[in-house]
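Notes follow once the structure below has been shown.
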Amino acid sequence: MTAFILRRSLQSIVVLFIMSLIVFVGVNLVGDPVDMLINPEADQAEIDRVIRDLGLDRPVSEQYWYFVLNAFQGDLGRSFIFGEPALKLIVQRMPATMELALVSLLMAVVFGIPLGIYAGLKPTSRISKTIMAGSILGFSMPTFWVGIILIMFFSVHLGWLPSTGRGDVDTFFGVTSSVFTLDGLSHIFLPAFNLALFKLSSVIRLARAGTREVILQDYIKFARAKGLAESRVVRIHLLKNIMIPVITIIGLEFGSLIAFSTVTETVFAWPGMGKLIIDSIYNLDRPVVVAYLMIIVVIFVMLNLIVDILYSVLDPRVRIKGVS
Amino acid sequence: MGASANKQSFDLPATGLRKFWLDFSESPTAVIALFVFLTILFIAIFAPWVSPSNPYDLTSVDIMNSRLPPGSEDFSGNFYILGTDGAGRDMLSAIFYGLRVSLGVGALSGLVALILGASIGLSAAYFGGRFETIMMRIVDIQLSFPSILMALIILAAFGKGVEKTIIALILVQWAYYARAARASALVEKNKEYVEAAHCLALGDRRIILSHIAPNCMAPLIVVGTLQTAHAISLEATLSFLGLGLPITEPSLGLLIGNGFEYMYSGDFWISIFPGVALLITIVSINLVGDQLRDMFNPRLQK
């Protein structure tokens, strides 16, 4: 177990290293770093100072070393637009994104698993076919377009729900979030639903596929033959065994929810870090872009690591096979 | 079970294209989807001839006609069944031209990614060893990042543009093909016909390309269909965000993005109709892909 975790952690460090290299190469070597990292309005003295600070007058290998060193110290540059440290800007906006992603994930799991199990248990029923058709549609509809439709229908046409911003926030047990106020809840509903739709479809498909596979296994037949109530078979024997792929998905999808929130946040003007990166790319605010990419890569690598470790706890076979 | 086995022995077994079509047409939904997709493909290819007007011909577009609702007519008697956009362009024609760009970018990136990914996947399976380990590690790692994030990293680091969008889509997709190609090549390479080819002392290249590759096509076609739909959707998303194609190549995503600003004033058609076109395209490709997957899935074979 320890060996597995160690090996997996080592691999994560390698991935982090490679990704930092890609971001570094993309920003510092493909373009002119002086143009990209220094405020165009700076005077010559300022430019010279920053070139020295960033070590741009040194060999490439040494430049990369400084980039990593600065990153470890939490210094990923200052935003041209806001004049504040890029890292601080992103950290400020992170709670809004996390909250949106968590609420979406909750929506996807709470609705997705029961619907998927139902569709798997009764594959021929009309309701199941409707569920599956809905999931194909949810899979195919581009997130941003669904967001537009939601705004058009619920905000512009019906005027029920607000379409922009985060609304009022309140602090509860040290956590500041929109979900603690009614106004905040009305603001988060549309974007969270928009973000959840795609994931909902994949959770449904996964739960259905898992159910159809597990239901044929001998232990299910045995449990039924024992005369156990169907609800117990589903809750204990079935649910436990379809949970492994579902947990993986919850972990991995959480990351992809954060990534996809860039789209939803832009459509709904949600003040999270996804909107920040899109705005920053527009405004050529390079330090913020670099900082965002590095942070999101760290988040992803950590999430993947956690999922893999959880996976190996749940299914010991993974540890043995995991050598390759 | 018994009846169908009996029936099988009386009918001549269908082969080749005929069998393919028989299997495919088992799902009426898939047949309709295929028909819809072919229609869209036709429109995309022949956009300049089937469009009511050329939306990018500045002499025929009048700013006075901007934001006309669907079904209106302008002063010179032109009819706009889907209305006009903010610059007075006919929406229907803009959608036809947009389909062309979207499908073109999707198909081109899908094709290059297929060739690249399949070559890497096939040679990884065939040669094995360190090459396989390293390549598949890269595939695993890349697939652990969502496609939108990979595309965002690439476009944020290298800037926007047609070629960059296509390159980003290729880099996002190749890993899926590599994994699918390797998985089926691993099964194929231990079969007798490959052994026979080895006995004939054929070269590695020839064995991979003309013996193993054709037998790995089925899963690759499935991945290819679904990936192309995904690529079209991703390109639309990126273009909507303003990171993908430039305004000189107006894809459906860009049309939707253009309409977004008019939406709050109630001019719904400018972003809804291109979105409907995009949705129909993606759904039809996905349905065809789903049917192909079911056909090629040995576990579901009767």
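Quantities reported herein were computed from a predicted structural model and do not represent experimental measurements. Within every chain, numbering begins at 1; the chains are lettered A, B, ... in the order of the sequence lines, protein sequences first and strands thereafter.
- Atom CZ of B:F127 sits in a crowded spot, with more than 12 heavy atoms from other residues, nucleotides or ligands closer than 6.0 Å.
- Between atom OG1 of residue A:T262 and atom CD1 of residue B:I148 there is a gap of 5.0 Å, rounded to the nearest 0.5 Å.
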Q: Report the C-alpha distance between B:L149 and A:F260 in whole Å, list the side-chain angles of each, state the deciding distance to 0.1 Å, and finish with yes or no for side-chain contact (heavy atoms from CB on, under 4.5 Å).
A: CA-CA 8 Å; B:L149 186 66; A:F260 266 99; over 6 Å; no
Q: Test A:V263 against B:L241 for side-chain contact (heavy atoms from CB on, under 4.5 Å), laying out the working first.
A: CA-CA 7 Å; A:V263 180; B:L241 291 175; 4.1 Å; yes
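- Contacts between B:L287 and chain A at a heavy-atom distance below 4.5 Å involve the side chain alone, from C-beta outward.
- Atoms CD1 and CG, from B:I153 and A:L293 in turn, are 5.5 Å apart once rounded to the nearest 0.5 Å.
- The candidate from A:I148, A:V289, A:T266 with the greatest count of non-hydrogen atom pairs under 4.5 Å with chain B is A:I148.
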Q.
A:R8 vs B:D140, test: salt bridge (charged side-chain N to carboxylate O under 4.0 Å, His left out). Steps then yes/no.
A. CA-CA 13 Å; A:R8 232 1 232 89; B:D140 282 348; over 6 Å; no
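- Between A:T143 and B:T237 the shortest side-chain heavy-atom distance does not fall below 4.5 Å.
- Put simply, CD1 on A:I18 and CD1 on B:I141 are 5.5 Å apart, with the number rounded to the nearest 0.5 Å.
- Rounded to the nearest 0.5 Å, atoms CG (B:L243) and CD1 (A:I281) are 5.0 Å apart.
- Summarising the geometry, atom CD1 belonging to B:I272 is positioned 5.5 Å from atom CH2 belonging to A:W145; distances are rounded to the nearest 0.5 Å.
- In A:R205, the CZ atom is crowded: over 12 heavy atoms of neighbouring residues, nucleotides or ligands sit closer than 6.0 Å.
- Of the atoms belonging to A:V267, heavy atoms from both backbone and side chain fall under 4.5 Å from chain B.
- At a 4.5 Å heavy-atom cutoff, the contact between B:A236 and chain A is made by backbone and side-chain atoms alike.
- B:S271 OG to A:F144 CZ: the interatomic distance, rounded to the nearest 0.5 Å, is 9.5 Å.
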